[in-house]
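Step one of this worksheet: look at the structure below.
Start at 1 and go down the list; that is how both ligands and their atoms are numbered.
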Amino acid sequence: MSYEKNLTQIRHKPLKLSRFERFNSSKVRKIGKSVHHCRKCSRTRGIIRQFGLLYCRQCFREEAERLGFRKYS
Ligand SMILES: [Zn+2]
């Protein structure tokens, strides 16, 4: 995108860089679906949070046997 060129220019100007990060950085959320994402593919839908797995359902099917699950899907 076009802002990448701006970032290289701004990097030499600390005041402008701090303002850029303050107003243009994405919002850090505490709730919502963007909080949890798959640790393998970073998908946000179909996350299994039980037992602290944090895998999406697709990656869980691939990793379940390696993790020691006997029954899955
Ligand atoms: Zn995944």
ask   = Between F69 and F51, what is the ring plane arrangement, given parallel below 30°, perpendicular above 60°, and tilted in between?
value = tilted
inquiry  = With 2.8 Å as the threshold, which protein atoms of type N, O or S lie near the Zn ion (ligand 1)? Leave waters out.
reply    = C38 SG, C41 SG, C56 SG, C59 SG
task = Could you pull out the closest heavy-atom pair between L67 and L53, with the gap in Å?
result = CD1-CD2, 4.0 Å
remark   = What one should report as the nearest heavy-atom pair of S25 and R22 is OG-O, 4.2 Å
request  = Might you point out which heavy atoms bring K40 and C59 nearest each other, and give the distance in Å?
outcome  = CD-SG, 3.7 Å
ask   = Between S42 (side chain) and C38 (backbone), is there a donor-acceptor pair under 3.5 Å?
value = no
key: Contact summary for C56 and C41, nearest pair of heavy atoms   = SG-SG, 3.6 Å
